Each structure stands twice: as C-alpha cells, then as structure tokens.
Amino acid sequence: MTENIRRLFKSMDHDTKEEALACLKNEYGLQDRKLVKKEWIKAGRIPEGYQEGIVAMFQNLLRKQHVKKVC
C-alpha cells in the first residue's frame with residue numbers, strides 16, 4: 001500500500017502536496033512536515049493502521065486538484 005501512497009503523492013501538483021502534508025500533520029498529530037515527507041512518503045515508513053486513511057485522503061485531494069484544473 002505504501003507504493004500506492006507514493007504514486008498518489010507523486011501525481012499531486014505542488015500546492016496539493018503541501019495541502020496533503022498539512023493534512024497528515026493535523027490528522028495524526030505530527031510536528032514536523034519534513035519528517036512526514038521524508039520518513040512516511042519517501043521512505044515508506046507509514047504506520048500500517050494509517051495507510052488506508054491516507055490513501056483515501058490522497059484520493060480526495062487529487063479529485064479536488066482535478067476539479068480546480070478543469071474549472
């Protein structure tokens with residue numbers, strides 16, 4: 001599932017990536033945005049219990065990104 005999360009993150013534009021990192025920080029009570037990107041996204045060390053929720057969050061953000069581009 002971590003590969004799916006990485007693929008979704010890679011599909012995002014810069015603004016959506018920043019929004020995704022902010023959402024992860026807020027949702028999971030994390031302090032450092034860089035840690036989230038480095039350890040969770042790039043290294044794939046996402047706690048297993050969080051992975052399903054992150055996939056859903058990223059899919060929703062990508063839908064929102066697509067709607068912005070279309071309109």
Side-chain angles (χ1 to χ4, degrees):
M1 193 167 308
T2 56
E3 281 303 314
N4 191 21
I5 292 170
R6 280 193 205 128
R7 183 183 55 77
L8 291 169
F9 189 78
K10 195 173 186 175
S11 301
M12 296 176 185
D13 63 22
H14 177 75
D15 292 338
T16 305
K17 284 181 182 179
E18 291 301 317
E19 186 176 354
L21 293 172
C23 287
L24 288 173
K25 260 182 64 178
N26 292 335
E27 182 73 24
Y28 299 106
L30 304 166
Q31 299 296 322
D32 189 9
R33 173 195 154 291
K34 288 182 182 179
L35 175 85
V36 173
K37 186 174 181 180
K38 198 179 232 183
E39 294 295 318
W40 282 27
I41 306 298
K42 289 188 177 180
R45 295 187 187 120
I46 303 164
E48 198 169 316
Y50 297 166
Q51 292 178 11
E52 190 174 324
I54 292 172
V55 168
M57 178 190 301
F58 282 11
Q59 288 173 336
N60 288 333
L61 288 169
L62 281 167
R63 282 186 199 105
K64 187 173 149 185
Q65 172 185 302
H66 178 72
V67 168
K68 284 181 189 176
K69 285 184 180 181
V70 172
C71 293

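As the structure is a prediction and not an experimental result, all values here were calculated from the model.
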- Task: I would like to know whether Lys69 and Asp13 meet side-chain contact (heavy atoms from CB on, under 4.5 Å); could you show each step before the answer?
- Result: CA-CA 11 Å; Lys69 285 184 180 181; Asp13 63 22; 4.0 Å; yes
Under the side chain to side chain contact (heavy atoms under 4.5 Å, CB included) test, which residues partner [X], sequence neighbours left out?
X     : answer
Lys42 : Lys37
Arg63 : Gln59, Asn60
Leu35 : Asp32, Glu39
Lys64 : Glu19, Lys68

Nearest-0.5 Å distance that lies between atom [atom1] in [X] and atom [atom2] in [Y]:
X     : Y     : atom1 : atom2 : result
Leu61 : Asp15 : CG    : CG    : 12.0 Å
Ile5  : Ile46 : CD1   : CD1   : 3.5 Å
Lys17 : Ser11 : NZ    : OG    : 8.5 Å

- Task: Could you check if a side-chain atom of Met57 sits within less than 4.5 angstrom of a side-chain atom of Glu27, using non-hydrogen atoms only?
- Result: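 Contact flag for Met57/Glu27 side chains = yes.
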- Task: Kindly indicate whether the side chain of Ile54, heavy atoms from C-beta on, has any atom under 4.5 Å from the side chain of Phe9.
- Result: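 Of all side-chain heavy-atom pairs linking Phe9 with Ile54, none is under 4.5 Å.
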- Task: Start with the C-alpha distance between Ile41 and Leu24, add both sets of side-chain angles, then the distance that settles side-chain contact (heavy atoms from CB on, under 4.5 Å), and finish with yes or no.
- Result: CA-CA 11 Å; Ile41 306 298; Leu24 288 173; 4.2 Å; yes
- Item | Pairs touching residues 2-11 that satisfy salt bridge (Lys or Arg N to Asp or Glu O under 4.0 Å), sequence neighbours left out |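 Passing the test, one end in residues 2-11: Glu3-Arg6.
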- Would you name the heavy atoms of Ala20 and Met12 that are closest together and state the gap between them?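 Closest heavy-atom pair between Ala20 and Met12: CB-SD, 3.9 Å.
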- Taking the six-membered ring where the residue is Trp, are the ring centres of Tyr28 and Trp40 under 6.0 Å apart?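 Under 6.0 Å, so yes.
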- Item | For Glu48, salt bridge (Lys or Arg N to Asp or Glu O under 4.0 Å) partners two or more places apart |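 Expected list: none.
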